[in-house]
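What follows is a set of notes on a single structure, which appears directly below.
Sequence lines set the chain letters: A, B, ... in the order given, protein chains first and strands last, and positions in each chain run from 1.
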Amino acid sequence: MSSETHRHFIQQIVDADLAAGKHAAIATRFPPEPNGYLHIGHAKSICLNFGLALEFKGRCHLRMDDTNPTKEEVEYVDSIKEDVRWLGFDWGQHYYQASDYFARMHADAIRLIELGKAYVCFLSQEEIRAHHGDEKTPGKPTPTRDATVAANLAAFAQMTRGEFDEGKAVLRAKIDMASPNMHLRDPVIYRIRKTSHHNTGDTWCVYPMYDYAHPLEDAYEGITHSICTLEFEVHRPFYDWLLRTLDTPAKPQQIEFARLNLTYTVMSKRRLLELVQEKRVSGWDDPRMPTISGMRRRGYTPAAVRRFCETVGITKHNSLSDVALLEHAVRDDLNKTSSRFMTILDPVKLVIENYPEGQVEELDATNNPEDPAAGTRKVPFSKTLLIERADFMEIPEKKYFRLTPGQEVRLRWGYFVTCTGCKKDAAGNVTEVTCTYDPATRGGDAPDGRKVKGTIHWVSAAHAGDVEVRLYDRLFSHEDLNHIPEGVDWRTLLNPGSLSVIRGKVEPALLALAPATRVQFERTGYFCVDAKDSQPGKPVFNRTVGLKDSWAKVAGK
RNA sequence: AGUCCGAUGGUGUAAUGGUAGCACAGGAGAUUCUGAUUCUCCUUGUCUAGGUUCGAAUCCUAGUCGGACUACCA
């Protein structure tokens with residue numbers, strides 16, 4: 001993490017601009033295209049843009065960049081709004097859509113033509129590409145490049161009226177066909193799309209391209225700092241050219257930063273969309289997805305996501321962040337905020353031989369040792385309990401602190417018990433562990449002050465609820481999805497064990513939790529009540545992230 | 001290949017000409033009614049070669065490596 005005083009390069013730019021009196025207040029924007037769900041990479045951008053506005057008491061606009069009717073849908077618009085709000089940000093009155101500016105952008109295109117800075121090109125897509133040239137070859141001018149303003153005006157009007165079929169004509173900016181920057185070789189700024197737009201319907205059949213629309217949207221809204229990712233660096237000269245040529249009152253400054261990459265995670269919308277369409281996941285909100293909605297369903301907190309975004313920082317060089325950073329952020333938050341419960345995911349019976357048959361006690365358990373205000377709850381205790389299979393070993397490994405014949409352990413919030421042995425079936429599987437308890441240790445403390453090395457969790461067999469538990473692991477088994485071995489399909493890199501569904505035995509209190517409640521299963525991990533598939537009294541639990549397990553490391557050696 | 005951008009431990013980042021620091025991960029230990037948490041300590045780094053300077057991670061030059069660009073996507 002950076003030091004308290006560290007300011008990243010964008011903050012420094014804003015500091016300088018404000019100090020120089022360049023702006024009275026700053027305005028940033030988060031401009032997603034509604035063609036997919038937001039993911040953790042967008043969260044980084046959202047935190048940056050809204051965070052800057054908050055820090056400098058400026059404003060941050062939420063703007064749908066809906067300039068391509070063939071790809072965008074209302075479903076995405078709604079999910080984007082929900083996700084930004086969930087992350088904890090508020091755009092206030094500043095919700096905009098590129099499509100709201102279509103008329104104004106169109107008028108500006110006409111101005112551009114009048115200025116002699118744009119012309120209608122009738123070349124086919126292939127011809128345009130052939131005329132484009134390459135790094136060492138300058139492009140060739142289109143036949144109509146030097147047509148008169150009147151002819152271009154007329155042609156653009158025809159385009160606008162729908163008199164040409166899709167692909168028959170485009171409007172191009174007239175800049176420099178020999179520029180070393182390809183984006184300055186007369187870029188296409190309007191194309192014909194005879195598709196209904198989710199917002200403007202059939203009003204238009206010409207739609208602006210991103211390169212043309214974006215600077216204008218920013219200028220119309222008075223954006224001061226237009227922050228985008230590194231790949232738009234080469235587009236900046238056009239961004240500036242357009243604002244200069246049209247002499248817009250506002251001259252927003254485009255600043256690029258490095259997008260987020262995460263280990264074992266795909267971040268491209270295209271791939272995410274394929275995972276959904278090919279049903280390799282249950283949907284955009286599948287808890288294994290790096291989408292905001294997936295992480296929300298998985299049990300991540302907005303605070304943890306924001307914290308993570310702070311941790312990875314803002315720079316101009318590409319990097320691959322370890323997903324462990326994200327996991328740490330969520331554990332750190334959940335540790336402080338979630339109530340603990342006892343659940344057994346791989347049960348084996350534990351019978352307390354000297355505990356009275358039929359007796360049931362209600363023991364007090366602390367909900368969250370990190371937060372006394374979380375209070376306590378009652379947990380039923382009886383002669384026959386269920387414990388984790390891993391908490392018993394007939395022949396113990398070195399430093400094994402759990403149940404093994406002759407060893408005493410504590411049953412959390414219960415009693416000290418001493419293991420007496422186990423019963424097995426014909427195949428040699430342990431079917432029951434037996435022990436005796438010390439009645440003087442009720443609640444979990446020995447009056448004589450003796451200590452035990454291990455504490456294990458349990459549930460009363462007769463009182464336990466039976467629930468579905470979904471154990472999630474990383475979606476991919478390959479670390480860097482941006483670098484895949486030659487000839488390998490990224491889909492084959494999916495982790496076949498990314499989801500396992502099991503049944504768990506839980507203490508009664510867990511059955512009454514509201515959907516989306518986040519809890520810790522003691523000694524196991526953080527889980528949350530699935531908001532979609534849970535039924536009243538029948539919760540489904542999603543594992544958000546496991547607890548750190550240093551014993552697993554020791555035992556694995 | 002051209003143009004542009006970048007390069008600090010295993011990972012992510014600080015240090016803005018003056019002691020290379022932080023977080024994660026990893027290791028060792030202490031504490032603990034979660035082998036969790038917490039706490040302590042430790043390992044590991046300035047891409048290379050020149051230059052400027054009393055002094056360079058920082059400035060300059062060249063090289064190397066990585067990324068972006070050659071869509072009627074954004």
Side-chain angles (χ1 to χ4, degrees), chain A residues 1-6 8-9 12 31-33 35 65-68 70-72 121 123-125 128-129 132-137 139 166-172 179-183 185 187-193 207 209-211 213-214 228-237 256 258 263 269-270 311-329 331-332 335-336 340 342 365-366 369-370 399-402 410-414 416 443-445 451-457 482 520-525 546-555:
Chain A
M1 189 189 19
S2 54
S3 69
E4 293 304 314
T5 55
H6 169 244
H8 58 70
F9 80 99
Q12 291 181 36
E33 181 188 13
N35 69 342
D65 216 345
D66 54 358
T67 56
N68 186 348
T70 63
K71 289 188 170 184
E72 297 144 9
C121 171
L123 258 29
S124 69
Q125 212 169 138
I128 286 181
R129 198 170 300 138
H132 211 63
D134 57 33
E135 295 79 5
K136 15 182 204 254
T137 326
E166 279 188 22
K168 295 299 181 195
V170 291
L171 184 68
R172 293 228 253 165
S179 171
N181 184 336
M182 296 296 172
H183 297 277
R185 315 250 269 221
V188 172
I189 58 177
Y190 263 93
R191 80 290 217 185
I192 298 166
R193 282 286 172 278
Y207 291 91
M209 298 285 291
Y210 167 87
D211 272 345
H214 210 84
C228 60
T229 45
L230 252 27
E231 65 270 28
F232 291 102
E233 219 154 7
V234 274
H235 297 236
R236 182 161 20 106
E256 311 85 16
T263 54
K269 274 197 199 173
R270 198 200 89 237
T311 304
V312 296
I314 303 297
T315 67
K316 287 197 70 159
H317 53 263
N318 302 300
S319 57
L320 177 63
S321 295
D322 194 333
V323 73
L325 247 37
L326 216 207
E327 291 173 350
H328 172 262
R331 280 195 195 99
D332 195 43
N335 173 51
K336 294 175 204 133
R340 275 65 168 164
M342 294 194 284
T366 299
E370 303 286 324
K399 306 258 269 180
Y400 186 77
F401 302 149
R402 284 113 95 150
R410 170 169 37 235
L411 294 176
R412 186 125 161 113
W413 313 121
F416 282 15
D445 286 301
K451 303 279 186 192
V452 285
K453 295 282 276 183
T455 298
I456 66 171
H457 61 283
N482 287 136
Q520 183 195 100
F521 285 2
E522 293 241 18
R523 302 208 304 138
T524 303
L547 248 30
K548 285 220 274 184
D549 186 356
S550 58
W551 168 247
K553 284 177 192 166
V554 176

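The nearest whole Å value for the distance from the CZ atom in A:Phe9 to the C1' atom in B:U58 is 17 Å. Straight-line distance from the CZ atom of A:Arg236 to the C1' atom of B:U3: 13 Å, rounded to whole Å. The distance from atom NZ of A:Lys316 to atom P of B:G12 is 18 Å, rounded to the nearest whole Å.
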Every protein N/O lying under 3.5 Å from an N/O of nucleotides 61-68 of chain B:
unit_1, atom_1, unit_2, atom_2, d
B:G67, OP1, A:His483, NE2, 3.1
B:G67, O2', A:Asn318, ND2, 2.9
B:A68, O2', A:Glu231, O, 3.4

Identify all pairs in which a protein N or O lies below 3.5 Å from an N or O of nucleotides 17-20 of chain B, and state each distance.
none

Could you run down the sub-3.5 Å N/O contacts of the protein with nucleotides 9-11 of chain B?
unit_1, atom_1, unit_2, atom_2, d
B:U11, O3', A:Leu320, O, 3.0
B:U11, O2', A:Leu320, O, 3.2
B:U11, O2', A:Asp322, N, 3.3

Polar atom pairs (N or O), protein with nucleotides 35-38 of chain B, under 3.5 Å:
unit_1, atom_1, unit_2, atom_2, d
B:G35, OP1, A:Arg523, NH1, 2.7
B:G35, O3', A:Ser550, OG, 3.1
B:G35, O2', A:Ser550, OG, 3.4
B:G35, O2', A:Trp551, N, 3.3
B:G35, N7, A:Arg402, NH1, 2.4
B:G35, O6, A:Phe401, N, 2.9
B:G35, N1, A:Lys399, O, 2.8
B:G35, N2, A:Lys399, O, 3.3
B:A36, OP1, A:Ser550, OG, 2.8
B:U37, O2', A:Asn335, ND2, 3.0
B:U37, O2', A:Glu370, OE2, 3.4

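Taking the side chain as every heavy atom from C-beta outward, A:Trp413 and A:Arg340 never approach each other to under 4.5 Å.
The base of B:U70 is paired with the side chain of A:Glu135 by a donor and an acceptor separated by under 3.5 Å.
Remark: A:Thr137 engages A:Asp134 in a side-chain hydrogen bond (donor to acceptor under 3.5 Å, both in side chains) (not counting sequence neighbours). Residues satisfying the side-chain hydrogen bond (donor to acceptor under 3.5 Å, both in side chains) criterion with A:Lys168, sequence neighbours excluded, are absent altogether. With sequence neighbours excluded, the residues forming a side-chain hydrogen bond (donor to acceptor under 3.5 Å, both in side chains) with A:Thr70 are A:Asn68, listed by chain and number. A:Thr229 pairs by the side-chain hydrogen bond (donor to acceptor under 3.5 Å, both in side chains) definition with A:Glu231, not counting sequence neighbours. When the side-chain contact (heavy atoms from CB on, under 4.5 Å) test is applied to A:Asp65, the partners found at least two apart in sequence or on another chain are A:Pro31, A:Thr67, A:Ala98, A:Tyr210, A:His214, A:Glu217.
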Watson-Crick and G-U pairing of RNA chain B, under 3.5 Å, as dot-bracket with | and [ ]: .((((((..((((....[..)))).(((((.......)))))....(((((..]....))))))))))).....
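Between A:His8 and B:A14 there is no side-chain polar atom (N or O) within less than 4.0 angstrom of OP1 or OP2. Applying the 4.0 Å criterion to OP1 and OP2 of B:A74, one finds that A:Thr67 has a side-chain N or O inside that range. Within the structure, a side-chain polar atom (N or O) of A:Arg191 is placed less than 4.0 Å from OP1 or OP2 of B:C73. Taking 4.0 angstrom as the limit, A:Lys136 places none of its side-chain polar atoms (N or O) nearer than this to OP1 or OP2 of B:U3. The phosphate of B:A14 (OP1 or OP2) has a side-chain N or O of A:His6 nearer than 4.0 angstrom. Checking the phosphate oxygens (OP1, OP2) of B:U13, a side-chain nitrogen or oxygen of A:Thr315 falls inside 4.0 Å.
Here the nucleotide nearest the side chain of A:Ala324, chosen from B:U70, B:C24, B:C73, is B:C24. When distances are taken from the side chain of A:Asp65 to each of B:U13, B:G26, B:A74, the shortest belongs to B:A74. Nearest nucleotide to the side chain of A:Glu33, out of B:U70, B:U8, B:A74: B:A74.
Distance check on atom P: B:C24 versus B:G63 gives 41 Å, rounded to whole Å. Distance noted for atom P between B:A23 and B:U43: 15 Å (whole Å).
Among residue pairs with one or both ends in residues 318-327 of chain A, none qualify as salt bridge (charged side-chain N to carboxylate O under 4.0 Å, His left out); sequence neighbours excluded.
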Base versus backbone protein contacts along nucleotides 39-45 of chain B [heavy-atom cut-off under 4.0 Å; B, S, -]: -------
